[in-house]
Chemist: 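So that we are looking at the same thing, I have put the structure below in structure tokens.
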Amino acid sequence: MTFEKRKNSDSRRGISILLAIALVLAGLFVGLVMTTDNPVELDVNPLTGVDLSGEWVGTTTQDYDGDQRYDYRMILTQNGNELSGVGILDMTTDYDVYAEEVLSGYIADGQVIYSEVETLVLDGTTMDRWCHTQTTLSYQVIDGQETLVGTWEYVLDEQRCEGITGRVILTRQSD
């Protein structure tokens, strides 16, 4: 008597075995990583260990009226997650306005957030035409250069300031 070897007629068997192996491996990984005795904490905050104190120089834009760019500089002091400093805006390219503002802010969820809280110097315009802003920035290292990139918006409840926004990019200056 001769017996012939039969082919498996269920082609899905190989896929089922691979899926079972993948699930077992995934379970092992989750079991190793998610144990309560030794939880793994991933720090995705790019500002961990970074002191933002110092001078930052770059530009700010207005996203209205032709997307104008202006020189912008700030000098920050960081104390824990609290920030204070001075922002200097030089709009002499189009409007011949110069302003120095007191900045107050904080670091939260990997973002730098600060507001202009007081105007120290304002040349070329009047306070009734001026609005304070709030800025939200992300810290990045681009080609070895520490950089803050983000957006600003006016924060006063004055109708003339509503909806006016812009962008900021600053690089840290060496001491």
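Every value quoted in this text rests on a predicted model; they were computed, and no experiment measured them.
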Chemist: If hydrophobic clusters are built from ILVMFWY residues whose side chains come within less than 4.5 Å, do L148 and V141 share one?
Modeler: yes
Chemist: Quick check against the 3.5 Å criterion: does W56 have a side-chain atom that pairs as donor or acceptor with the backbone of T147?
Modeler: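 Not confirmed, W56 side chain does not pair with T147 backbone.
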Chemist: Begin from the C-alpha positions of Y70 and Q62 and carry the test side chain to side chain donor-acceptor pair (under 3.5 Å) through to its verdict.
Modeler: CA-CA 9 Å; Y70 305 107; Q62 298 179 95; 2.6 Å; yes
Chemist: Between E55 and R73, is the closest basic N to carboxylate O distance under 4.0 Å?
Modeler: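 Looking at E55 together with R73, the answer is yes, because their closest N to O distance falls below 4.0 Å.
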Chemist: With a 3.5 Å distance limit and no angle check, can you tell me whether E116 reaches the backbone of T133 through a side-chain donor-acceptor pair?
Modeler: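 Present.
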Chemist: Report yes if some heavy atom in the side chain of S115 is under 4.5 Å from a heavy atom in the side chain of H132; otherwise report no.
Modeler: no
Chemist: Is there side-chain contact between T135 and L137, with heavy atoms separated by less than 4.5 Å?
Modeler: yes
Chemist: Apply side-chain hydrogen bond (donor to acceptor under 3.5 Å, both in side chains) to S174 and list each qualifying residue two or more places apart in sequence or on a separate chain.
Modeler: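 Not a single residue meets the side-chain hydrogen bond (donor to acceptor under 3.5 Å, both in side chains) criterion with S174.
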Chemist: Is there a path of hydrophobic side-chain contacts, each under 4.5 Å between heavy atoms of I/L/V/M/F/W/Y residues, joining Y98 to L120?
Modeler: yes
Chemist: Kindly work out whether a path of hydrophobic side-chain contacts (I/L/V/M/F/W/Y, heavy atoms less than 4.5 Å apart) joins I169 to I113.
Modeler: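 Different clusters: I169 never reaches I113 through Ile, Leu, Val, Met, Phe, Trp or Tyr contacts under 4.5 Å.
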Chemist: Applying the 4.5 Å side-chain criterion to the ILVMFWY set and letting contacts propagate, would L47 and I142 be lumped into a single cluster?
Modeler: no
Chemist: Kindly write out the residues that satisfy side-chain contact (heavy atoms from CB on, under 4.5 Å) with T125, not counting sequence neighbours, or none if the list is empty.
Modeler: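 side-chain contact (heavy atoms from CB on, under 4.5 Å) check on T125 returns V97, L122, R129, W130.
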Chemist: Do the side-chain N and O atoms of E146 and Y139 include a donor-acceptor pair separated by under 3.5 angstrom?
Modeler: yes
Chemist: May I ask you to test the V168-V149 pair for a side-chain heavy-atom distance under 4.5 Å?
Modeler: no
Chemist: Ignoring hydrogens, what is the shortest heavy-atom contact between M74 and Y114? Give both atom names and the distance.
Modeler: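 Shortest heavy-atom contact: SD-OH, 3.6 Å.
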Chemist: Counting N and O atoms only, with roles assigned by atom type, does the side chain of D51 sit under 3.5 Å from a partner on the main chain of S53, one being a donor and the other an acceptor?
Modeler: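 Yes, the answer is positive, given that a donor and an acceptor are paired below the 3.5 Å cut-off.
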Chemist: Rounded to the nearest 0.5 Å, how far apart are OG1 of T136 and CG of D109?
Modeler: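 Answer for the OG1-CG pair, T136 versus D109, is 11.0 Å.
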Chemist: Quick check: does any side chain N or O of E82 sit under 3.5 Å from a backbone N or O of S84, one acting as donor and the other as acceptor?
Modeler: no
Chemist: What's the separation between atom CG in L89 and atom OG1 in T60, rounded to the nearest 0.5 Å?
Modeler: 6.5 Å
Chemist: Kindly say whether T151 contributes a backbone atom to a donor-acceptor pair with the side chain of E153 at under 3.5 angstrom?
Modeler: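 Checking the backbone N and O of T151 against the side chain of E153, no donor-acceptor pair under 3.5 Å is found.
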Chemist: Going hydrophobic residue to hydrophobic residue with side-chain gaps under 4.5 angstrom, can you get from V50 over to L83?
Modeler: yes
Chemist: How would you list, by chain and number, every residue that makes a salt bridge (charged side-chain N to carboxylate O under 4.0 Å, His left out) with E100, sequence neighbours excluded?
Modeler: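 Partners of E100 under the salt bridge (charged side-chain N to carboxylate O under 4.0 Å, His left out) test: none.
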Chemist: Taking E101 for its side chain and I88 for its backbone only, find out whether a donor-acceptor pair lies under 3.5 Å.
Modeler: no
